[in-house]
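Any value given below was found using the heavy atoms of this structure, including those in side chains, with hydrogens, waters and symmetry copies removed. The sequence lines fix the lettering, A, B, ..., with proteins before strands; numbering per chain opens at 1.
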Amino acid sequence: MTLENNGANNIDLLCAKTRTFFMIDSKLLRENLSDVQRRLTTRGNDHDISWFKDLDSGRRQLLGEAESLKAERNSVSALIGKTKDKSQVQDEIVRMKQVSNRIKELDEELRTIEEALTQRLLLVPNLPDAACPVGKTEDDNVEIRKWGKIEARDYEPKPHWDLGNELGILDFERATKLSGARFSVLIGAGARLERALINFMLDLHTEQHKYIEVLPPFMVNSDSMIGTGQLPKFADDLFRAEGVDLYLIPTAEVPVTNLHRDEILNDADLPICYTAYTPCFRKEAGSHGKDTRGLIRQHQFNKVEMVKFTRPEDSDSELDKLLDNAEEVLRQLKLPYRVVDLCTADIGFSAARTFDIEVWLPGQATYREISSCSNFRDFQARRASIRYRPDGGSKPAFVHTLNGSGLAVGRTLLAVLENYQQADGSVVIPEVLRPYMGGMERISI
RNA sequence: GGAGAGGUGACCGAGAGGCCGAAGGUGCAUGAUUGGAAAUCAUGUGUACUGCAAGGUACCGGGGGUUCGAAUCCCCCCCUCUCCGCCA
């Protein structure tokens with residue numbers, strides 16, 4: 001049986017129904033719809049939410065009607081139950097039968113309107129933070145700092161695909177034979193370097209930054225994808241397994257954030273900080289012709305991710321720390337980078353605020369994204385129902401979730417190749433990686 | 001893949017058509033007791049939606065059905081466990 005036969009279109013509805021209904025606070029939507037609309041508009045594109053008012057009031061009216069009938073049925077049924085001689089309540093029994101039928105109709109209408117509402121709400125992106133710079137395109141992103149010195153060279157630096165090919169550590173042609181475009185094979189010291197980077201990053205985050213290491217499944221179900229915001233909107237970007245409700249993860253953010261889906265966390269345990277190495281799988285639909293050469297844009301790449309669950313009041317400062325933890329990887333590798341504050345038009349669907357870290361690539365004489373650190377506030381927490389009990393006592397409240405790459409490993413490897421290349425075509429191994437490379441100091445032809 | 005057992009609140013566990021949002025226990029919270037603690041006793045202790053409020057509604061793995069009324073009966077699905085088989 002295939003997913004299609006199960007009604008793939010209903011997947012999101014099936015699970016959304018069992019979960020918190022509103023991706024954005026319903027009170028906020030009711031009372032400040034125009035304000036919400038205005039903030040969404042700063043993202044660019046159309047995010048019309050004018051449909052909310054009618055669907056919501058329609059829902060509430062139906063709900064009120066259905067519930068008062070149910071209340072009547074409950075009380076009359078209780079009466080019927082207490083009456084020994086059923087002939088005395090025959091009229092009530094007949095009347096309640098009619099009431100039950102009406103309830104069924106109303107429930108059906110309610111289900112329809114709630115499905116419509118949920119469908120639409122799932123497609124509404126997060127509200128950008130007040131602090132997020134307002135902009136219309138990525139050109140409006142704000143560079144907030146630079147680190148490291150860009151070396152002047154007396155030779156023409158090569159792009160990593162030439163370096164990797166000449167060193168025999170990177171093979172795109174054979175990858176094409178195996179899997180097609182946008183795949184790569186690392187060989188020998190290249191494979192070792194990738195593994196060294198993964199281990200270096202994980203050790204840094206666990207030992208110095210005190211994250212808990214997680215090795216999650218690389219395939220997850222649609223509930224998980226909805227929880228973090230990949231579904232239903234970005235189904236085209238995901239690889240899906242045939243015949244089962246499983247997707248290859250596009251980032252460790254998905255399984256790691258969903259670790260606590262449908263849970264109420266202990267206040268005292270927050271913030272919870274995880275780091276995870278996983279491969280990531282992306283279709284890269286709609287990016288044909290972009291970054292076709294090299295390791296920049298692959299269908300499969302390795303990434304070390306950091307994920308945090310925090311109290312709402314702590315998420316801003318935790319984002320600063322997360323960003324600094326990601327930057328630390330580059331500082332230890334001595335790779336020049338800059339940090340960019342993404343504007344409202346450039347932040348992702350689920351994000352309220354995002355800082356990108358861009359590493360310097362001498363082979364291409366440009367900065368390229370190597371990490372993206374975001375605060376999702378309660379957006380994912382609502383979708384995935386991840387809560388905590390403030391001070392242990394009162395009502396459960398949504399946590400804030402954050403995550404960031406720490407770092408994209410393939411891009412780090414290419415940054416190392418390009419930045420550490422020598423005039424003779426060899427590549428020096430960054431000092432912090434040498435213990436992970438069996439002491440190797442240089443990759444030569 | 002075959003056979004069996006089972007999914008109930010933070011946890012264990014009873015309930016087998018109405019008196020069940022759900023006994024009892026554990027845990028937790030508050031109070032009493034104490035110099036302080038342990039023990040003991042008392043009280044309290046789910047979530048969501050909806051309503052100005054009182055309140056109402058829903059939820060016992062998920063979906064559907066029977067019934068005036070379903071945690072409880074029927075059907076379908078999912079998951080977990082045990083045994084057998086197969087396999088990294």
Side-chain angles (χ1 to χ4, degrees), chain A residues 1-3 5-31 52 55-115 117-118 121 215 217-224 226 243-246 258 260-269 378 381-399:
Chain A
M1 197 196 296
T2 65
L3 258 181
N5 291 341
N6 284 340
N9 294 337
N10 292 328
I11 292 171
D12 41 325
L13 297 173
L14 290 176
C15 30
K17 227 189 287 181
T18 64
R19 203 156 319 122
T20 308
F21 194 70
F22 295 99
M23 273 42 82
I24 292 174
D25 186 18
S26 60
K27 282 198 184 72
L28 194 65
L29 281 169
R30 268 176 216 143
E31 291 160 18
F52 178 79
L55 284 175
D56 180 54
S57 64
R59 167 177 175 270
R60 283 194 290 167
Q61 199 202 320
L62 281 170
L63 196 61
E65 220 177 305
E67 288 192 347
S68 64
L69 284 181
K70 283 176 184 174
E72 186 187 6
R73 182 179 68 182
N74 284 348
S75 63
V76 174
S77 290
L79 190 76
I80 293 170
K82 284 190 195 113
T83 309
K84 296 260 165 46
D85 182 359
K86 298 297 183 215
S87 67
Q88 285 181 6
V89 289
Q90 207 47 49
D91 289 352
E92 267 69 26
I93 289 177
V94 172
R95 195 162 63 84
M96 283 310 106
K97 195 175 179 64
Q98 290 166 346
V99 167
S100 271
N101 286 336
R102 178 63 186 145
I103 288 172
K104 242 173 234 178
E105 287 172 18
L106 287 170
D107 276 348
E108 185 60 32
E109 286 178 50
L110 201 54
R111 204 173 59 90
T112 306
I113 203 167
E114 287 191 342
E115 276 183 12
L117 198 49
T118 304
L121 283 167
L215 187 64
F218 304 156
M219 305 180 88
V220 299
N221 58 30
S222 48
D223 273 2
S224 301
I226 288 167
V244 284
D245 180 28
L246 286 174
N258 278 282
H260 294 301
R261 191 175 74 232
D262 295 324
E263 291 185 15
I264 299 174
L265 304 171
N266 288 324
D267 183 69
D269 293 339
D378 64 1
R382 283 176 182 280
R383 291 181 153 237
S385 188
I386 308 167
R387 293 172 294 174
Y388 78 113
R389 224 177 270 281
D391 302 323
S394 53
K395 277 190 168 303
F398 291 110
V399 299

**Q** Select from A:A71 and A:M96 the residue whose nearest nucleotide in RNA chain B is closer to the 5' end of that strand.
**A**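 Closer to the 5' end of RNA chain B: A:A71.
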**Q** Side chains of A:R261 and A:S385 only: does a donor on one sit below 3.5 Å from an acceptor on the other?
**A**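 Absent: no donor and acceptor within the cut-off.
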**Q** Of the nucleotides B:A58, B:U50, B:G56, which one has an atom closest to the side chain of A:E67?
**A**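 In terms of side-chain proximity for A:E67, the closest of B:A58, B:U50, B:G56 is B:G56.
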**Q** Can you tell me which nucleotide in B:U57, B:G46, B:G51 comes closest to the side chain of A:R389?
**A**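 Shortest atom-to-atom distance from the side chain points to B:G46.
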**Q** Examine the side chains of A:S224 and A:N221 and answer whether a donor and an acceptor come within less than 3.5 Å of each other.
**A**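 Side-chain D/A pair, A:S224 to A:N221: present.
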**Q** Could you check which of B:U67, B:U50, B:U47 has an atom nearest any side-chain atom of A:R59?
**A**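 So the side chain of A:R59 is nearest to B:U50.
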**Q** Within the structure shown, what part of the strands sits under 4.0 Å from A:I80 by heavy-atom distance: base, sugar-phosphate, or nothing?
**A**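 Base contact - A:I80 has a heavy atom under 4.0 Å of at least one base atom.
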**Q** Under a 3.5 Å cut-off for both contacts, is B:C87 paired Watson-Crick or G-U wobble with anything, and if yes, with which nucleotide?
**A**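 The answer is none; no pair meets the criterion.
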**Q** A:N74 side chain N/O closer than 4.0 Å to the phosphate oxygens (OP1, OP2) of B:G56?
**A**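 For A:N74, the contact criterion (side-chain N or O under 4.0 Å from OP1 or OP2 of B:G56) is not met.
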**Q** Looking at B:C68, B:U57, B:U47, which one has an atom nearest to any side-chain atom of A:P396?
**A**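 Of all the options, the side chain of A:P396 is nearest to B:U47.
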**Q** Is the shortest side-chain N to carboxylate O distance from A:E114 to A:R59 below 4.0 Å?
**A**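 Salt bridge between A:E114 and A:R59, a charged N being under 4.0 Å from a carboxylate O: yes.
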**Q** Would you mind checking if A:E108 and A:K104 are paired as a salt bridge, meaning a charged N to carboxylate O distance below 4.0 Å?
**A**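 No.
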**Q** So what's B:C41 paired with, Watson-Crick or G-U wobble, going by both distances under 3.5 Å?
**A**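 Across all strands, the one nucleotide that pairs with B:C41 is B:G31.
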**Q** Taking 4.0 angstrom as the limit, do A:E67 and A:K70 come out as a salt bridge?
**A**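 Salt bridge: no.
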**Q** Look at the side-chain N and O atoms of A:R60 and state whether any lies under 4.0 Å from the OP1 or OP2 oxygen of B:G51.
**A**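 For B:G51, OP1/OP2 do have a side-chain N/O of A:R60 under 4.0 Å.
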**Q** On the nucleotide B:U57, are OP1 or OP2 found under 4.0 Å from the side-chain N or O atoms that A:K70 carries?
**A**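 For A:K70, the contact criterion (side-chain N or O under 4.0 Å from OP1 or OP2 of B:U57) is not met.
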**Q** Closest to the A:R387 side chain: B:U47, B:C49, B:C68?
**A**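 Within the option list, the nearest is B:U47.
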**Q** Counting the atoms with a prime plus P, OP1 and OP2 as sugar-phosphate, which does A:R73 contact under 4.0 Å by heavy atoms, base, sugar-phosphate, or nothing?
**A**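 The answer is sugar-phosphate, as A:R73 gets under 4.0 Å only of primed atoms, P, OP1 or OP2.
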**Q** Does B:A48 have a Watson-Crick or wobble partner in any strand here, with both distances under 3.5 angstrom, and which is it?
**A**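 Its partner is B:U57 (Watson-Crick or G-U wobble, both distances under 3.5 Å).
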**Q** Does B:G4 have a Watson-Crick or wobble partner in any strand here, with both distances under 3.5 angstrom, and which is it?
**A**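 Paired with B:G4, as far as the under-3.5 Å criterion goes, is B:C81.
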**Q** Below the 4.0 Å mark, does B:U50 have OP1 or OP2 next to a side-chain nitrogen or oxygen of A:R30?
**A**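 Looking at the OP1 and OP2 atoms of B:U50, one of them is under 4.0 Å from a side-chain N or O of A:R30.
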**Q** Of the nucleotides B:U66, B:C68, B:U57, which one has an atom closest to the side chain of A:K104?
**A**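 Among B:U66, B:C68, B:U57, the one nearest the side chain of A:K104 is B:U66.
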**Q** Atom CD1 of A:I103 and atom C1' of B:A70: how far apart are they, to the nearest Å?
**A**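 Rounded to the whole Å, the gap is 14 Å.
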**Q** Need to verify one output field. Residue with the more 5' nearest nucleotide on RNA chain B, A:K82 or A:S75?
**A**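 Closest to the 5' end, via its nearest nucleotide, is A:K82.
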**Q** Any base atoms under 4.0 Å from A:S68, or only sugar-phosphate, or nothing? Heavy atoms, all strands.
**A**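 The residue A:S68 makes no contact with any strand.
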**Q** Is there a Watson-Crick or G-U wobble partner for B:A22 with both distances under 3.5 Å, and if so, which one is it?
**A**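 The answer is none; no pair meets the criterion.
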**Q** Identify whether the distance between the nearest side-chain nitrogen and carboxylate oxygen of A:D91 and A:R95 falls below 4.0 Å.
**A**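 Between A:R95 and A:D91 there is no salt bridge, as every charged N stays at least 4.0 Å from the carboxylate O atoms.
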**Q** Which one, B:G69, B:A58, B:U67, comes nearest to the side chain of A:S77?
**A**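 Of B:G69, B:A58, B:U67, B:G69 is nearest to the side chain of A:S77.
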**Q** Does the structure show a Watson-Crick or G-U wobble partner for B:G9, both distances under 3.5 Å? Name it, or say none.
**A**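 Matched B:G9 with nothing under the 3.5 Å cut-off.
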